[in-house]
Engineer: 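One structure, pasted below without further comment.
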Amino acid sequence: MAEKQTKRAWVYAKKPGGKWFNRRQGVGYALLAFFIVAPFVKIAGEPLLLFNIIERKFVLFGSVFWPQDLHIFVFGMLIAMVCIVLFTAVYGRVWCGWACPQTIFMELVFRRIEFLIEGDWLQQKKLDKGPNMMTKYAKKGLKHTIFLLISFGISNLFLAYIIGVEGLWEIMTDPVSQHFGGFVAIVLFTLAFYGVFAYLREIVCTTICPYGRLQSVLMDDRSVTIAYDHRRGEPRGHRKKGAEQSVGDCVDCNLCVQVCPTGIDIRNGLQMECVSCTACIDACDAVMEKLDRPKQLIGFYSVSEIEGNVESSDNNTKSKGNARTIAYTVLLVVLTAVFGWLVFSRSQVDGTLLRARGSTYQLLDDGTVSNLYSLELINKTSGDIPFSLEVLGENMTIRMVNPLTVLKAGTTAQMTLFLVSPQQSVKTYKTNVKIGVMAEGKTVETLKTTFIAPPNEGDD
Ligand code: SF4
Ligand code: SF4
């Protein structure tokens, strides 16, 4: 009986290179740059992105969201989920290979440093298996020191997304005792990132990440993914130059396996471990070019195309242009547009106006009648808002019990007020009333309530 393998087989990935890798590098480094600068860039005093779960404050492109905007956030989350499902159904694991921070950091930062210090995969293997010499200690020491420093940098950035750069700066400059929690968080995050990029690596994608494990549910035969065209490639085998072609196009050079960062053989069919990194496409294309054979033995294909249910085409336009893709893309655009509209059309001020519970009207000696209300106003911006209240369209006045003229940034203000109307203007027992919250000459919020009073006897 074969002995059960318990030890992890370390993946030594060959240095990738080629057209697709260059494209992926372009996208990856652009996203990396965005990730690094986003907490520092300010729009109207707010960062580009902030996810302050401690204070329940979220900022998207300078727009502040408070707990009162929960519905927008929930909608945003739903859209994100739908996007992931639809995108995966159509384009496979494109997120993993091109935009996931794990892949970007692993393949474009940490592994590049490893190549630089320890050389390509065979040299790395030799170094690990070789005797413990000074050069080995020096290379390993240098690599892990740089890994730790970058993990420390990522940890700080990560924290900047949660507490903002100002909060992070305080942790960095104040004595440790004043921000012990923050200090511990930085240390823990640093160790976690170091552990992920120095040791866990592809295990995060193949075993830990729930999205990776969902692939089989989200994808179907029409999903475009990276696949090996076995009809063209098999039977695989070495081929002598100039000899009559008696085998498939795959010369079994194993280069596609050697470059794979998750250590799989794409020729074994669609596998959950594939993160669509395109490294095997580049490797195989280079081989096909040398053999003067058409490229794309490994390429972007759907299972239907590979199995011949749909005719293959070089640029996959047939597959991508099918009705399902168009319908999904339209749905994504619509959902994103609705989310954008919700985000940018939401009011700066929110409020509720309620007639005081159990109260009724008061008839006053001067011939007026009043109702008592409690008012709550929320300033959802990061700046103070001077404001006033105005009754819209009714002959009524407002008498504040606790007058307030400025709504402090990001706070909720409670107020009590009377609505007063000349009794002779009252036409019905219950009148619908609108009160405008005015700021800078504009109505920033309209509140609705009812006013009760006995109708003027002169009226029907
Ligand atoms: S790189 Fe291409 S030719 Fe070489 S083994 Fe892989 S599929 Fe076959
Ligand atoms: S099979 Fe190819 S695309 Fe998939 S992870 Fe390996 S190298 Fe990347």
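All ligand and atom numbering here is 1-based and tracks the order in the structure. All residue numbers refer to positions in the sequence shown, counting from 1.
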Engineer: Below 4.0 angstrom from a heavy atom of I266, which ligand 2 atoms are there? Numbered from 1 as shown, please.
Structural biologist: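 Listed by number with element, the hits are 1 (S).
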Engineer: Looking at atom 2 (Fe) of ligand 2, what's its closest protein heavy atom, distance included?
Structural biologist: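 Atom 2 (Fe) of ligand 2 sits closest to the protein heavy atom C280 SG, 2.3 Å.
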Engineer: Give the residue and atom name of whichever protein heavy atom lies nearest to atom 3 (S) of ligand 2, and the separation in Å to one decimal.
Structural biologist: C277 N, 3.3 Å
Engineer: Considering heavy atoms of the protein only, find what lies nearest to atom 4 (Fe) of ligand 2 and give residue, atom and distance to 0.1 Å.
Structural biologist: C274 SG, 2.3 Å
Engineer: Heavy-atom contact under 4.0 Å between I264 and ligand 2?
Structural biologist: yes
Engineer: With a cut-off of 2.8 Å, which protein N/O/S atoms are close to atom 8 (Fe) of ligand 1, if we only count those under it?
Structural biologist: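 Only C250 SG fall inside 2.8 Å of atom 8 (Fe) of ligand 1.
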Engineer: Among R236, E234, R267, exactly one meets side chain to side chain donor-acceptor pair (under 3.5 Å) together with Y228. Which residue is that?
Structural biologist: E234
Engineer: Report yes or no: do Q123 and Y12 form a side-chain donor-acceptor pair below 3.5 Å?
Structural biologist: no
Engineer: Among F40, F35, F189, which residue meets the ring pair (Phe, Tyr, Trp, His ring centres under 6.0 Å) test with Y161?
Structural biologist: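 Between Y161 and the candidates, ring pair (Phe, Tyr, Trp, His ring centres under 6.0 Å) is satisfied uniquely by F35.
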Engineer: Which residues pass the salt bridge (Lys or Arg N to Asp or Glu O under 4.0 Å) test with K14, sequence neighbours left out?
Structural biologist: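 If we apply the salt bridge (Lys or Arg N to Asp or Glu O under 4.0 Å) test to K14, skipping adjacent residues, there are no hits.
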Engineer: For ligand 2, which atoms sit closer than 4.0 Å to a heavy atom of V275?
Structural biologist: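 Counting from 1, the qualifying ligand atoms are 4 (Fe), 5 (S).
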Engineer: Out of curiosity, L377 CG to K380 NZ, how far, rounded to the nearest 0.5 Å?
Structural biologist: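 The distance works out to 11.5 Å.
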Engineer: Can a side-chain donor-acceptor contact be found between Y91 and S276 if the only test is distance below 3.5 angstrom?
Structural biologist: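 Their side chains do not contain a donor-acceptor pair, so the 3.5 Å distance test is not met.
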Engineer: With a 4.0 Å cut-off, would you call K140 and D128 a salt bridge?
Structural biologist: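 The answer is yes: the pair qualifies as a salt bridge.
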Engineer: Would you tell me whether Q414 and E376 have side-chain atoms, one donor and one acceptor, within less than 3.5 Å of each other?
Structural biologist: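 Present: a donor and an acceptor within the cut-off.
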Engineer: Check the surroundings of atom OH in Y29: do more than 12 heavy atoms from other residues, nucleotides or ligands lie under 6.0 Å from it?
Structural biologist: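 Yes.
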Engineer: Of the listed options (C260, P261, G263), which comes nearest to atom 6 (Fe) of ligand 2 when hydrogens are ignored and any heavy atom counts?
Structural biologist: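 Checking each option, the heavy atom nearest atom 6 (Fe) of ligand 2 is found in C260.
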